[in-house]
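Below: the structure, in structure tokens.
This structure is a prediction, so every number in the text was calculated from the model and none was measured. Throughout, protein chains are lettered first and strands after them, A, B, ... in sequence-line order, and every chain is numbered starting at 1.
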Amino acid sequence: MARMVLHAVPTGTHTRGSDDDYPWSELVRASASGDERARRVLVERTLPMVHRMMSRLVGRRADHDDLVQTVYARCFRSLQTFRGDAKFTTWLGSICVNVASTYWQQRKNHASTDDVPELMLVDGKSPEAQIAARAGLRIVARLLSEMTPALRSAFVLHVLEGHDIDTVAAMSGTSVGATYKAVERARQQLEAQAAKHPDLARFLSEGSVRS
Amino acid sequence: MNAWTCADVEREVFGHLAGQLAETDALRAHVHLQGCAACAALSLQWDQWRTTLQASSVPVLSPDHAARLTAAIVADAARADVSVERAPVRTRRVRAAIGAAMAIAAAVLIVFVARAPSPPSAPVLVAQEPSASTAIPDVLLRPPPLVETPFAGPALANVSSARSAAPIAMPPHAPLVEAVDDPAPPRFVCPESLAAIAKHGKRAVHCLEGRGADAYLSVAESLLARGARADAEVYFVAIGERFAGNAAADALYASALIAIDTGREYVARERLERYLATAKDGAFRADAAWRLATLLTRARQLQRATPWLDEVIERSPSSSRRAEALFLLGSMYDRELDNLSGALVAYRRAMAEPSAAPEIKKAAETRIAELLQR
């Protein structure tokens with residue numbers, strides 16, 4: 001049944017409207033049964049979230065797309081185990097956290113020159129603003145890369161991605177109390193770095209990347 | 001209504017800023033912030049910081065990039081399906097029996113995979129302790145040697161020989177802020193001779209603009225001979241990017257070998273996948289497929305590894321390598337796909353390979369006996 005509905009979705013022309021037309025439950029069920037079109041729609045619908053989340057969790061790296069593919073490989077492999085107790089995006093987010101966590105553990109064992117992630121997007125008004133933003137972002141990226149996976153994922157998911165604490169706890173597979181503590185510790189670490197680095201403090205306070 | 005303390009506000013500052021607090025909590029926060037200058041300042045500061053961080057960490061995902069990525073993901077999933085469907089699946093009854101037996105028997109492949117500890121909430125794989133009888137043969141734990149190389153055997157073979165003698169010296173992390181004030185580098189004058197270009201390493205790669213692939217190759221080999229792997233890698237990558245045909249594919253493969261040797265497995269996987277996608281009849285295809293399969297296995301992407309194991313089994317001229325691939329495939333069927341008959345066939349074929357290593361034969365025999373006992 002799901003296949004029939006989903007075949008009406010033109011490939012590559014996914015719009016917000018089609019999001020509303022095809023409920024998650026149908027997409028998930030059809031994807032789990034191997035419907036390629038459903039999978040495509042599911043990926044198109046969630047790719048911006050996964051791409052952004054992985055960027056924030058591991059930084060922009062040469063192998064970023066590989067990590068995104070890993071997330072979906074795990075997703076499709078385990079899709080039949082998704083029971084619908086949580087939102088699908090929360091479940092997918094937990095896979096992102098898991099893939100990022102594995103990645104960082106592997107990096108720990110294989111330190112290399114690209115351990116500090118590339119700079120994130122900078123969209124400054126002037127060269128001076130760009131320079132300040134770059135310096136600030138490098139510190140943030142470095143700080144995130146030095147945090148434990150638990151702290152990093154809690155901070156990224158709650159502060160940057162804007163998920164509430166309960167959702168962050170579900171995605172991270174930790175308790176709500178532990179998530180609160182992780183966010184607090186990450187916040188304190190960033191405040192300590194800002195106190196040490198004037199460029200970072202200026203960048204964060206003045207929002208020099210904003211146009 | 002209990003009034004909120006500063007600790008409450010600190011704990012909930014992001015929830016407050018995101019408007020995620022329940023109505024009563026939001027009111028408590030509001031009341032506290034009205035009367036506490038320190039918390040009001042904290043809230044204001046984090047409102048600014050959060051906005052800046054959110055705005056500055058949104059990656060660019062162009063429509064083209066998204067389309068490419070989507071196509072790759074969907075194709076990957078379809079390929080994994082084919083691997084799963086190829087072998088018959090056991091009945092539920094047998095599966096239940098094997099599920100119970102698996103609680104006792106130890107994972108074989110996981111030994112290979114679980115070098116890094118599993119994250120606490122791993123949704124897909126559960127690491128299990130190996131037993132003595134099912135430990136994976138050591139031959140599969142060793143990465144393939146780097147002697148079978150596209151370019152000048154002795155040159156890239158140095159990569160392998162230098163591996164134990166001279167571990168790569170990683171430069172310290174770049175300074176965080178100081179780099180901003182770095183003066184512009186002095187203008188680099190390109191030398192004419194290839195030897196002189198090689199002397200300057202990766203700084204001089206642009207000096208080969210307009211020259212043929214042979215020039216890049218000469219410099220890369222020269223750098224490899226000196227043990228300058230990182231610099232040589234730049235030239236191999238440049239060949240892969242600027243030229244087409246076998247030379248480009250082989251250079252890509254060489255750069256993948258260097259990435260493997262320097263522990264950058266994700267980069268190596270990406271390059272091996274590109275090599276395998278472009279070099280349909282490449283001389284190193286079977287070797288590349290084996291390396292990719294082992295890397296994917298180590299990265300716990302077991303189903304993605306299956307097609308490459310198949311390719312090794314079909315194309316590798318080495319009987320011992322085929323036996324290793326068959327053993328890994330058997331482990332995959334056994335542990336991941338819950339496919340008893342597929343596992344038995346793979347283990348038996350591994351044993352039947354004339355040049356199978358003794359440890360592979362022994363491990364396959366043990367696994368067959370265990371599976372038959374179920």
* Check whether any side-chain heavy atom of Asp65(A) lies under 4.5 Å from a side-chain heavy atom of Glu270(B), and answer yes or no. => no
* **Greater than 12 external heavy atoms within 6.0 Å of Gln188(A)'s CD** => yes
* Structure fact -> chain B shares the most heavy-atom pairs under 4.5 Å, among Leu47(A), Val43(A), Leu42(A), with Leu47(A)
* Most heavy-atom pairs under 4.5 angstrom with chain B, which of Glu161(A), Glu36(A), His158(A)? -> His158(A)
* Contact class of Ala66(B) relative to chain A, heavy atoms under 4.5 angstrom -> both
* To do: List the steps and the verdict of side chain to side chain contact (heavy atoms under 4.5 Å, CB included) for Leu204(A) and Trp46(B).
  => CA-CA 9 Å; Leu204(A) 289 170; Trp46(B) 269 103; over 6 Å; no
* So do the side chains of Glu44(A) and Ile73(B) get within less than 4.5 Å of each other, counting heavy atoms only? -> no
* For Phe82(A), is it the side chain, the backbone, both or neither that has a heavy atom under 4.5 Å from a heavy atom of chain B? -> neither
* To do: Measure the spacing between CG of Asp66(A) and CZ of Arg269(B) and express it to the nearest 0.5 Å.
  => 4.5 Å
* Asked: What is the distance from atom OH of Tyr72(A) to atom CG of Leu69(B), rounded to the nearest 0.5 Å?
  -> 8.0 Å
* Can you check whether Leu42(B) reaches Arg187(A) side chain to side chain, under 4.5 Å on heavy atoms? -> yes
* Structure fact -> d(Gln69(A) CD, Arg304(B) CZ) to nearest 0.5 Å is 5.5 Å
* To do: Decide yes or no for Phe14(B) and Glu184(A): does some side-chain heavy atom of the first lie under 4.5 Å from some side-chain heavy atom of the second?
  => no
* **Minimum side-chain heavy-atom gap Val74(B)-Phe76(A) below 4.5 Å** => no
* **Contact check, side chains of Thr70(B) and Arg40(A), non-hydrogen atoms, under 4.5 Å** => yes
